Number of protein chains: 2
Amino acid sequence: MPKQLPLTALDACCSPLAREPLSEEQAVELSRLFKAMSDPVRLRLLSLIASHAGGEACVCDLTGAFDLTAPTISHHLKVLRESGLITGERRGTWVYYRVHPEMLARLSAVLVPGEETVPA
Amino acid sequence: MPKQLPLTALDACCSPLAREPLSEEQAVELSRLFKAMSDPVRLRLLSLIASHAGGEACVCDLTGAFDLTAPTISHHLKVLRESGLITGERRGTWVYYRVHPEMLARLSAVLVPGEETVPA
DNA sequence: CGTCTATATTGACAGACCTCTAATTAGGTA
DNA sequence: TACCTAATTAGAGGTCTGTCAATATAGACG
């Protein structure tokens with residue numbers, strides 16, 4: 001069972017970065033998400049999962065795309081999972097991951113210079 | 001004079017993360033931007049600059065918001081500058097920074113699940 | 001020129017991060 | 001039970017990062 005994320009900064013606000021200065025708490029929460037996306041392998045994993053048929057991908061679908069060992073892929077998936085960007089579910093032998101699109105949408109809304117909040 | 005950024009991935013594409021798998025090059029470029037934003041201090045700097053009156057802020061406007069030494073702030077500004085997210089200009093005694101809003105808009109477009117490209 | 005203030009650079013150090021190998025857990029099948 | 005595969009966890013090594021004190025650079029002003 002993947003543990004769930006806090007995300008008060010993104011919940012409460014989604015006021016864009018440029019509207020008013022971020023509080024330290026908001027900055028800490030946001031920075032955690034950006035840090036999760038600050039690695040090329042994790043970005044590609046995220047993209048592979050998000051663009052995979054059915055909106056989900058088995059770990060076995062992912063490992064082949066990289067010159068990395070399975071434990072390394074597993075590590076990156078764990079980072080993405082703990083950031084709240086993806087969730088994983090075991091079904092039989094395999095573990096399937098899918099992205100949290102609302103999370104991406106909220107992040108997107110924070111970045112856009114002049115826009116309003118995207119309603120949940 | 002701050003050096004200028006490459007950004008082919010963001011220039012050429014802006015196809016969202018979920019449309020098709022990111023190439024390794026695109027992932028590397030994007031990850032550089034996200035890494036620049038993966039620190040709470042840098043996020044707050046970005047936000048302080050973006051939301052400051054006139055769209056720009058002097059370093060002297062920024063240091064007061066943190067319990068950090070001037071060299072540390074200067075270091076973070078350099079990281080943001082080299083990522084292409086901000087530019088700095090010296091006018092007399094002070095150095096003024098402003099954000100590149102197109103950069104934020106493009107990043108935002110990459111994240112949003114189903115949208116089209118934001119034209120430059 | 002000399003001096004003061006505003007930023008930036010250098011160099012060092014502690015902690016975090018990415019990767020690997022080796023070992024472990026979970027489920028399927030005989 | 002035993003054995004095989006899928007995936008994760010544990011631990012170690014090398015690199016990167018955030019912070020500081022000390023130093024350097026740039027401009028303003030006597």
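Note that this is a predicted model, so its numbers are computed, not measured. In what follows, every heavy atom counts, from backbone to side chain, and hydrogens, waters and symmetry copies are set aside. In what follows, every chain begins at residue 1, and chains take the letters A, B, ... in the order their sequences are listed.
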Atom CZ of B:Phe66 and atom P of D:dT19: how far apart are they, to the nearest Å? 10 Å
Quick one: is A:Thr69 getting a side-chain N or O under 4.0 Å of the C:dC20 phosphate, OP1 or OP2? yes
Which whole-number value in Å describes the distance from A:Asp39 CG to C:dA16 P? 18 Å
Please report, rounded to the nearest Å, how far the C1' atom of D:dT17 is from the CZ atom of B:Arg32. 16 Å
With side chains defined as the heavy atoms from C-beta onward, is the minimum distance between A:Lys35 and B:Phe34 less than 4.5 Å? no
Given C:dA8, D:dA6, D:dT19, the nucleotide with the shortest approach to the side chain of B:Leu68: D:dT19
Identify, between B:His76 and B:Pro71, the residue whose nearest nucleotide on DNA chain D lies closer to the 5' end. B:His76
Any B:Ser74 side-chain N or O less than 4.0 Å from OP1/OP2 of C:dA8: yes
Would you mind telling me which of C:dT7, D:dT19, C:dA8 lies closest to the side-chain atoms of B:Val41? D:dT19
Charged tip of A:Arg44 within 45° of A:Phe66 ring normal and under 6.0 Å: yes
OP1 or OP2 of C:dC18 under 4.0 Å from side-chain N/O of A:His75: yes
On the nucleotide C:dC18, are OP1 or OP2 found under 4.0 Å from the side-chain N or O atoms that A:Arg42 carries? yes
Check the phosphate of D:dT8 against A:Tyr97, side-chain N and O only, distance under 4.0 Å to OP1 or OP2. Yes or no? yes
Of A:Asp67 and B:Lys78, the one whose nearest nucleotide on DNA chain C sits closer to the 5' end is B:Lys78
Phosphate contact (C:dC17 OP1 or OP2) by B:Lys35 side-chain N/O below 4.0 Å: no
Between C:dT29 (P) and A:Trp94 (CH2): distance, integer Å: 9 Å
Rounding to an integer number of Å, can you tell me how far A:Glu89 CD sits from D:dA7 C1'? 15 Å
Whole-Å distance between C:dA8 P and B:Arg81 CZ? 6 Å
Do the side chains of B:Asp61 and B:His52 get nearer than 4.5 Å, heavy atoms only? yes
Is a side-chain donor or acceptor of B:Gln26 paired with a backbone partner of B:Ser23 at a separation under 3.5 angstrom? yes
Check: A:Met37 main-chain N/O paired with A:Arg42 side-chain donor or acceptor under 3.5 Å: no
In whole angstrom, give the distance that lies between atom CD of B:Glu82 and atom C1' of C:dA8. 12 Å
On DNA chain C, nearest-nucleotide positions of A:Gly92 versus A:Thr72: which is more 5'? A:Thr72
Nearest to the A:Thr93 side chain among D:dA26, D:dT8, D:dA6, which nucleotide is it? D:dA6
Round to a whole Å and report the spacing from CD1 of A:Ile86 to P of D:dA7. 13 Å
